[in-house]
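Taking it in order: structure first as structure tokens, then the write-up.
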Amino acid sequence: NPEFEEFLILSPEEQKNTSVQKNLRSRLDALARRNTIFIRSIAIIDTNGINIIDTNDANVGRSESNFEFFNQTFQTNQRTVTGPVFNQQNGKAGLFFSSPIRNEAGRIIGVLRTEYDAGVIQSLINTITSSDEKSQLISIIRKDTFVQIAYTGDPKYTYKSIQEINLNQLKILQSKN
């Protein structure tokens, strides 16, 4: 999108209160309104990992450079999905969808990121499982952590690992946020 490139090549001072910034924010707000229940925020992150436009104003200026989605986007040069990631302040789980923003030469100049409430996965499972099928258990498990991110059984097992995690594995998981 040329508008993204036009905005991202500006200095931080030049980005503030420009018509391009206002247009981008309006577009992100419109996208976020498509699912107000599960979309927590949509943002543009610069190459340093700084959140420069966000539908949640509290996130603007925050560094997201340590988030798995940000690093994977640059490592793989592709769109990524990461999570669940647990907010350390409120304990809520989120899923992050990110896509590289490229300039005309194809170089990554930023990241477009959407944060969803991780409950969206549980909602989808509940939607496809009819009341007659509630006796069938469906579980979605993250293969690298063995954590159930959705489960039609007892909700207390959601976001729990289905295998024991040793201290070294726990440290690795915590370092990933």
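Listed for the N56 side chain is a donor-acceptor partner under 3.5 Å among the backbone atoms of A58. In this structure, the side chain of S123 does not engage the main chain of G119 through any donor-acceptor pair within 3.5 Å. For the pair E14 (side chain) and S11 (backbone), a donor-acceptor distance under 3.5 Å is present.
Remark: the S65 side chain and the S63 side chain contain an N/O donor-acceptor pair separated by less than 3.5 Å.
Among residues two or more places apart in sequence or in another chain, the salt bridge (Lys or Arg N to Asp or Glu O under 4.0 Å) test is passed with R102 by none. Shown here are the salt bridge (Lys or Arg N to Asp or Glu O under 4.0 Å) partners of E115, two or more places apart in sequence or in another chain: R40. R79 pairs by the side-chain hydrogen bond (donor to acceptor under 3.5 Å, both in side chains) definition with nothing, not counting sequence neighbours. With sequence neighbours excluded, no residue forms a side-chain hydrogen bond (donor to acceptor under 3.5 Å, both in side chains) with E6. Annotation: side-chain hydrogen bond (donor to acceptor under 3.5 Å, both in side chains) contacts of T114 (sequence neighbours excluded): none.
Both I109 and F4 are part of a single hydrophobic cluster, where members link through side-chain heavy atoms under 4.5 Å apart. Cluster membership check: I39 shares its hydrophobic cluster with V120, using side-chain heavy-atom separations under 4.5 Å among Ile, Leu, Val, Met, Phe, Trp and Tyr. In terms of hydrophobic clustering, with Ile, Leu, Val, Met, Phe, Trp and Tyr side chains grouped at heavy-atom distances under 4.5 Å, V60 and F70 are assigned to different clusters.
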Requested in this report: Show your working on side chain to side chain contact (heavy atoms under 4.5 Å, CB included) between N23 and F7 and close with a plain yes or no.
Outcome: CA-CA 10 Å; N23 289 340; F7 181 74; over 6 Å; no
Report task. Could you check R113 against N59 for side chain to side chain contact (heavy atoms under 4.5 Å, CB included), going step by step and ending with a plain yes or no? Result -> CA-CA 12 Å; R113 185 266 298 143; N59 294 336; 4.2 Å; yes
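Counting only residues at least two apart or in different chains, ring-ring contact (aromatic ring centres under 6.0 Å, His included) contacts with residues 87-109 comprise F67-F96, F69-F96, F97-Y116.
By the 4.5 Å heavy-atom criterion applied to side chains, I9 and E5 are counted as neighbours. In this structure, the side chains of T55 and L31 stay at 4.5 Å or more apart for every pair of heavy atoms. Using a 4.5 Å heavy-atom threshold, the side chains of Q21 and I52 count as separate. A heavy-atom distance below 4.5 Å is found between the side chains of L112 and I42. The shortest distance between side-chain heavy atoms of L8 and T47 does not fall below 4.5 Å. Counting heavy atoms from C-beta on, the side chains of R25 and D57 come closer than 4.5 Å.
Here OG1 of T18 is found 7.5 Å from CG of L24. Values are rounded to the nearest 0.5 Å. Put simply, CD on Q15 and CD1 on I53 are 7.0 Å apart, with the number rounded to the nearest 0.5 Å. Atom-to-atom distance recorded for R62:CZ and N51:CG is 6.5 Å, nearest 0.5 angstrom.
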